[in-house]
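Computation of the quantities below employed the complete heavy-atom set of this structure, encompassing side-chain atoms and omitting hydrogens, waters and symmetry-equivalent molecules. Note on naming: letters A, B, ... go to the chains in the order of the sequence lines (proteins, then strands), and numbering restarts at 1 for each one.
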Amino acid sequence: MIVEVALPVPMRGGFDYLLPEDHAQPTPGARVRVPFGSRQLVGVITAIKQNSDQPTDKLRRITALLDHKPVLSALMLDWLNWASRYYQHPVGDVISTALPARLRKGEPATSQQSFWRLTETGQALNSDSLKRAPQQQAIIERLRAGRCEDKILKQEFSAAIIRAVKEKQLIEATDDAYIPDTDWPARIKISGQLNANLEQSLAITAINNQAQGFHSFLLEGVTGSGKTEVYLQCIAPLLQQGKQILILVPEIGLTPQTVARFEQRFGIDVAVLHSGLTDKERLTVWQQAGLGETGIIIGTRSAIFTPLANPGMIIVDEEHDGSYKQQDGWRYHARDLAVVRARLENIPLILGSATPSLETLNNALTGKYQHLSLKQRAGGAKAVQHQVLDIKGQALDYGLAKGMQQRIRLHLQQGHQVMLFINRRGFAPALICHQCGHVEECHRCERSFTLHRQLNKLQCHHCGDAKIVPSRCAACGHPDLQPVGMGTEQLEHGIQRLFPQYTAMRIDSDSARGKQKLHGLLDEINQGNSQLLIGTQILAKGHHFPRVSLVVILDVDSALFSADYRAAEHLAQLITQVAGRAGRAQIQGELWLQTHNPGHPLLQDLLNNGYQHFARLALKERQFAALPPYSYQALFRSEAVNGNLAYDFLEQVKACLRQTDISLIGPLPALMEKRQGRYRMQLLLQSDKRTGIQQWLSNMMTRIEKLPLANKVRWSLDMDPMDFT
DNA sequence: CGGCGTATCAGT
DNA sequence: CTGATACGCCGG
């Protein structure tokens with residue numbers, strides 16, 4: 001008999017092994033240890049077959065079968081196989097990403113603990129027949145509540161007592177199969193007031209009506225409209241039926257308060273999965289969920305791989321959040337995997353957001369997802385006032401216009417905090433005329449050119465067209481052409497000089513590395529120790545800053561004219577999230593945007609009509625430009641110390657795909673052209689049919705992997721790329 | 001990916 | 001000739 005095994009090596013396809021005759025019947029999904037070259041690897045059986053397409057004398061035999069019961073169900077295997085094909089990523093690597101590290105290393109999958117339980121005699125025992133042996137009686141009572149782990153029982157009672165009760169055959173050790181503790185549905189006790197306004201009730205009813213079988217919902221609820229309450233009330237009946245709920249949250253949104261809210265409502269423990277867990281803790285959560293011992297599992301991106309014995313629903317909160325996309329190795333999108341998993345598990349899925357991604361919104365508008373809206377804001381939070389400051393021709397100090405400096409000073413003098421947003425650095429920007437705000441555009445695509453200083457060229461990242469950097473503005477003839485956002489990079493250094501009597505603090509993913517550290521910084525902010533807060537997106541995600549009365553987005557143009565067509569969407573999400581949070585309660589909040597183009601249609605639409613309206617307009621633009629979600633993309637990235645190698649490799653990839661109906665844009669320099677001394681290039685594949693890209697790639701990947709340059713450069717394929725840095 | 005064989009080179 | 005490092009190839 002032959003087994004096909006997925007191994008954690010970057011090679012496509014499974015590997016066939018012989019199974020020794022005397023072995024127990026293996027199941028797909030069980031792990032094996034196998035010889036691979038000169039080493040031993042742990043892999044997962046993906047198929048059992050009678051013959052191999054390899055010559056039999058090449059086959060080696062497995063070293064050991066590690067599991068009696070599969071660690072991955074047939075459904076999970078199907079799902080991961082699908083994912084491997086969809087992302088064109090080696091199946092062994094996909095499976096290995098989906099398993100906890102401990103299982104990857106071949107450690108036992110089932111609990112090794114042994115338990116004590118009552119024998120039948122013990123169960124039948126009259127409660128006062130052991131009156132003269134109170135310790136023994138205590139053990140019996142202890143076990144009447146349920147089995148107890150050997151280790152724990154030995155902590156509570158002396159070994160002699162345990163031995164005595166065992167001799168009487170009242171208790172017995174069970175080291176055979178682990179008996180899952182699945183009593184939690186009986187322990188559910190719903191508490192807290194179940195208030196729901198009309199909108200919330202409508203949403204809850206709509207979801208409850210479709211709670212059997214696969215069905216997708218977009219729950220679009222403005223900040224503070226009570227999405228969580230909808231989740232809580234929707235999952236209640238499912239939990240009571242003993243069905244498990246898997247909830248995904250963004251990396252930064254997983255706070256103890258979130259978890260506490262679920263625990264308080266239902267009175268049962270919530271399992272939490274995040275990057276701070278040890279391998280052991282992660283394995284425990286994984287096992288317990290797989291055995292059906294946990295009702296609610298909340299986790300970040302990788303929690304989507306948690307097995308569920310009795311799945312009831314998947315919720316992806318803040319579905320637009322970028323942290324759901326893995327940015328190295330296997331570049332999966334947890335939200336997209338969730339959709340497919342829910343379909344396979346045949347359970348409902350809720351995608352929740354105040355600012356849904358355009359992909360999701362499009363699915364809702366076309367009826368693929370049921371669209372539920374919460375527009376009413378709970379509580380008496382004052383709406384934030386938006387203001388746009390035109391900075392055309394204005395002198396800027398470190399990116400701040402004079403008028404803005406005065407505004408900031410005013411707020412600081414009132415004892416409030418001011419938050420300044422700058423974009424991430426190092427991106428290739430557009431070229432803007434500081435006098436009239438005109439941006440050089442590609443005539444074919446009507447999209448802004450991107451400045452590549454190293455080449456002294458403007459390049460269109462939509463069609464690949466390029467031209468030499470002009471010396472004068474094409475609209476007004478002024479020579480004051482500047483890269484968008486110029487000066488903002490110096491803000492951090494300059495701000496202290498502009499406002500010497502106040503303290504400035506910078507918060508970005510570097511200074512806030514590690515969850516603990518970020519929460520520490522946030523606490524510090526809310527104590528008011530710093531008055532000026534400088535940060536990037538990270539500041540906007542799900543945190544409240546009651547002392548902040550003024551929020552400034554310095555560099556709106558870099559988002560409006562970015563080569564990354566998602567930048568405007570992300571800016572709109574940022575503005576909306578910030579507006580929903582700054583200066584809640586007593587203080588009237590103000591949001592100021594600096595731009596050369598106050599009349600930009602997307603910006604105007606966002607400010608006048610809100611995110612919902614903006615998103616629909618942005619979708620029209622995407623449709624006009626044939627961009628996602630109206631087309632499908634895949635991105636080859638390559639990097640090498642020698643930039644020519646990176647370029648040549650992508651040229652060869654391009655040649656492989658030339659005979660197809662996929663449009664190929666590039667090779668172009670990445671928006672961050674150079675990183676850690678390596679030149680970075682990209683080749684964008686785009687098609688109006690998803691299957692087109694899929695099929696051509698599955699035919700071509702083996703050939704691409706064999707290209708002579710393929711192991712001279714570092715390269716990867718990114719399906720549905722979200723980030724063009 | 002990671003191990004192993006072969007090529008290459010400075011140093012004896 | 002020897003040991004150290006670099007690179008390419010292979011794995012079922």
Side-chain angles (χ1 to χ4, degrees), chain A residues 1-21 23 25-67 70 72 77 80-81 83-85 87-107 279 302 305 326-332 636-642 644-646 648-649 652-653 676-678 698 701-718:
Chain A
M1 196 178 288
I2 288 157
V3 287
E4 187 184 287
V5 178
L7 293 172
V9 288
M11 300 167 76
R12 255 140 248 289
F15 297 84
D16 291 347
Y17 284 87
L18 290 168
L19 193 75
E21 296 298 322
H23 253 293
Q25 172 75 28
T27 342
R31 292 169 304 153
V32 285
R33 199 183 293 281
V34 293
F36 189 72
S38 61
R39 61 212 161 115
Q40 293 282 319
L41 293 179
V42 175
V44 172
I45 299 176
T46 48
I48 316 271
K49 34 195 203 182
Q50 289 312 314
N51 34 37
S52 168
D53 40 10
Q54 293 289 319
T56 319
D57 57 329
K58 254 193 108 182
L59 297 182
R60 300 170 77 179
R61 50 183 47 213
I62 68 166
T63 314
L65 180 63
L66 298 176
D67 300 308
L72 290 169
L77 271 181
L80 295 172
N81 258 313
S84 159
R85 269 176 281 121
Y87 287 98
Q88 294 293 325
H89 196 84
V91 69
D93 214 39
V94 166
I95 286 179
S96 151
T97 315
L99 290 178
R102 291 253 178 157
L103 295 188
R104 227 154 40 210
K105 287 187 204 132
E107 285 176 52
D279 290 349
S302 62
F305 301 116
Q326 174 84 30
Q327 287 298 2
D328 50 67
W330 171 29
R331 293 170 172 259
Y332 66 90
F636 278 96
R637 305 160 186 276
S638 79
E639 52 176 77
V641 179
N642 176 348
N644 290 332
L645 284 185
D648 292 345
F649 170 70
Q652 291 173 8
V653 173
Q676 292 166 356
R678 312 173 81 88
S698 41
M701 281 309 270
T702 21
R703 193 199 296 190
I704 289 167
E705 277 165 346
K706 285 194 191 114
L707 287 173
L709 281 176
N711 39 21
K712 293 250 192 317
V713 303
R714 238 186 250 175
W715 67 278
S716 63
L717 173 65
D718 189 355

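Remark: K712(A) is in phosphate contact with dG8(C), judged by side-chain N or O atoms under 4.0 Å from OP1 or OP2.
Contact check for L717(A) versus M701(A): side-chain heavy atoms found under the 4.5 Å cut-off. A heavy-atom distance below 4.5 Å is not found between the side chains of N642(A) and K712(A).
Rounded to an integer number of Å, the gap from CH2 of W330(A) to C1' of dC1(B) is 18 Å. Note: CG (D57(A)) to C1' (dG12(C)) measures 11 Å, nearest angstrom. What separates NZ of K49(A) from P of dG12(C) is a distance of 15 Å, to the nearest Å. To the nearest angstrom, P of dC9(C) lies 13 Å from NZ of K706(A). Taking atom CD1 on I62(A) and atom C1' on dG12(C), their separation rounds to 13 Å, with Å as the unit. Distance M11(A) CE to dC10(C) P: 10 Å, rounded to the nearest Å. R714(A) places its CZ atom 14 Å from the C1' atom of dC1(B), with the value rounded to the nearest Å. The interatomic distance linking L7(A) (CG) with dG3(B) (P) rounds to 15 Å, in whole Å.
For S38(A), taking side-chain heavy atoms from C-beta onward, the closest of the listed nucleotides dG12(C), dC4(B), dG2(B) is dC4(B).
In this structure, R60(A) CZ and Q54(A) CD are separated by 13.0 Å, a value rounded to the nearest 0.5 Å.
Using a 4.0 Å heavy-atom cutoff across all strands shown, G13(A) reaches no nucleic acid atom at all. Note on Y17(A): only backbone sugar-phosphate atoms sit closer than 4.0 angstrom, heavy atoms only; bases stay farther off.
A salt bridge is defined here as a Lys NZ or Arg NE, NH1 or NH2 lying under 4.0 Å from an Asp or Glu carboxylate O, and R102(A) with D279(A) fails to meet this definition.
For R39(A) and dC1(B), a side-chain-to-base donor-acceptor distance below 3.5 Å is present, hydrogens and geometry of angles not being considered.
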